[in-house]
2 protein chains.
Amino acid sequence: MSKSEVVELPVLQEDGAVPCCPPITAGELSPADAEKMAAMFKALSDPVRLRLFSKIASHPGGEACVCDIADVGVSQPTVSHHLKKLRETGLLTSERRGTWVYYQVAPSVVAAMSALLDLRS
Amino acid sequence: MSKSEVVELPVLQEDGAVPCCPPITAGELSPADAEKMAAMFKALSDPVRLRLFSKIASHPGGEACVCDIADVGVSQPTVSHHLKKLRETGLLTSERRGTWVYYQVAPSVVAAMSALLDLRS
DNA sequence: CCAATGTATCGACAGGTATCGAAGTAAGGA
DNA sequence: TCCTTACTTCGATACCTGTCGATACATTGG
């Protein structure tokens with residue numbers, strides 16, 4: 001849980017080039033690829049999680065303290081629960097700095113999602 | 001249910017230019033926008049639905065008969081249930097032609113999703 | 001060491017959802 | 001008209017998920 005190494009979304013290969021799955025319109029998804037992609041979409045399928053993710057992504061540097069984004073209309077434990085889900089899916093990473101915990105958008109997440117949607121053309 | 005006019009995803013404006021929601025990284029999402037976007041992601045957050053969508057999207061013309069895509073490892077009623085959800089979300093449209101029912105990818109769905117992910121840069 | 005603040009985990013509960021078999025509807029052919 | 005095929009709807013069930021209050025853990029400051 002408190003690993004210091006970068007945790008990457010199973011969907012995303014750090015290798016730079018090709019994401020896990022072919023573009024969604026390029027051909028029939030394999031069951032395995034569908035499973036991975038669905039997990040990513042699932043993480044963003046809750047309005048509260050989407051707002052948290054958006055708040056972090058739109059912060060300068062793509063990172064924000066929990067205290068800066070916690071105002072989304074649900075209790076503090078619920079915010080923590082959603083952030084954990086986003087972290088487990090690999091969309092966010094977290095880092096403690098003193099009293100506060102900062103969440104960052106995982107590198108190349110948005111770019112990888114774009115690739116899945118076939119934007120190369 | 002059997003409307004002949006094109007049913008469009010609430011998330012998507014047919015106007016061509018701007019989708020309902022600003023790019024996810026451009027700023028904090030409003031609660032209302034988050035709700036709409038989450039609904040779209042939710043529709044794609046199930047592996048079976050994602051495979052069905054992918055099968056249709058990768059078919060020539062972006063449409064396919066149910067009989068052509070029903071082989072995804074679940075019962076036929078379950079397939080129908082998932083297709084209904086995709087239709088209700090506005091990602092697919094359906095049309096009966098004689099014995100068979102054809103599902104099509106709703107126009108500009110993928111493009112609109114791309115816009116949400118901020119691919120302008 | 002203790003208090004205060006920020007964040008995470010736990011346990012419980014209500015509501016949602018994926019799945020199935022069975023039954024219903026629609027179209028075409030004998 | 002009746003049967004067959006294609007698909008949808010219905011009802012039931014097991015599981016998953018979002019939410020909360022209470023509690024635990026972590027860090028800083030006194």
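Per chain, numbering begins at 1; letters A, B, ... match sequence-line order. Please read these numbers as outputs of a predicted model, since none were measured by experiment.
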Exercise for the section: Supply the atom-to-atom distance A:M37 CE to B:F53 CZ, rounded to the nearest 0.5 angstrom. Expected result: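 The distance works out to 9.5 Å.
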Practice task
Could you tell me the separation between the CD atom of B:Q104 and the CD1 atom of B:I56, rounded to the nearest 0.5 Å?
Solution key: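 Output value for this atom pair is 8.5 Å.
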Problem - Sole residue of B:T93, B:D46, B:L91, B:L50 in side chain to side chain contact (heavy atoms under 4.5 Å, CB included) with B:L86 - result: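 When side chain to side chain contact (heavy atoms under 4.5 Å, CB included) is applied between B:L86 and each of B:T93, B:D46, B:L91, B:L50, only B:L91 qualifies.
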Exercise for the section: Using the closest heavy atom to pick a nucleotide of DNA chain D for each, name whichever of A:V74 or A:R97 lands nearer the 5' end. Expected result: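 Closest to the 5' end, via its nearest nucleotide, is A:V74.
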Please determine, for the side chain of [X], which listed nucleotide ([options]) has the closest atom?
X	options	value
A:C67	D:dG18, D:dA6, C:dT7	C:dT7
B:P77	C:dT9, C:dT19, D:dT9	D:dT9
A:V48	C:dA26, D:dT19, C:dT7	D:dT19
B:W100	D:dC20, C:dT19, D:dC7	D:dC7

Would you indicate what [X] reaches in the nucleic acid, counting non-hydrogen atoms under 4.0 angstrom: base, sugar-phosphate, or nothing?
X	answer
A:R49	sugar-phosphate
B:Y103	sugar-phosphate
A:H82	sugar-phosphate

Would you say a side-chain N or O of [X] is under 4.0 Å from OP1 or OP2 of [N]?
X	N	value
A:K84	C:dT7	no
A:T78	D:dG18	no
A:T99	D:dT27	no
A:K42	D:dC16	no
A:S75	D:dC20	yes

To the nearest Å, give me how far apart [atom1] ([X]) and [atom2] ([N]) are.
X	N	atom1	atom2	answer
A:R51	D:dG18	CZ	P	16 Å
B:L92	D:dC7	CG	P	15 Å
B:D46	D:dT17	CG	P	11 Å
A:H81	C:dA8	NE2	P	12 Å
A:E95	C:dT7	CD	P	14 Å
B:L83	C:dT19	CG	P	12 Å
A:R96	C:dT5	CZ	C1'	11 Å
B:K85	D:dT9	NZ	P	14 Å

Problem - Closest heavy-atom pair and its distance - A:V72, A:R51 - result: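 Looking at all heavy atoms of both residues, the shortest contact is O-NH1, 3.4 Å.
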Problem - Between A:E28 and B:S58: side-chain donor-acceptor atoms closer than 3.5 Å - result: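 There is no such pair (donor and acceptor under 3.5 Å, judged by atom type) between the side chains of A:E28 and B:S58.
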Exercise for the section: Please state whether the base of D:dA6 and the side chain of B:Q76 form at least one donor-acceptor pair under 3.5 Å? Expected result: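 Not at all, since no donor on one side and acceptor on the other fall under 3.5 Å apart.
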Problem - Test: B:E35 and B:K42 ion pair at under 4.0 Å - result: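 Salt bridge between B:E35 and B:K42, a charged N being under 4.0 Å from a carboxylate O: no.
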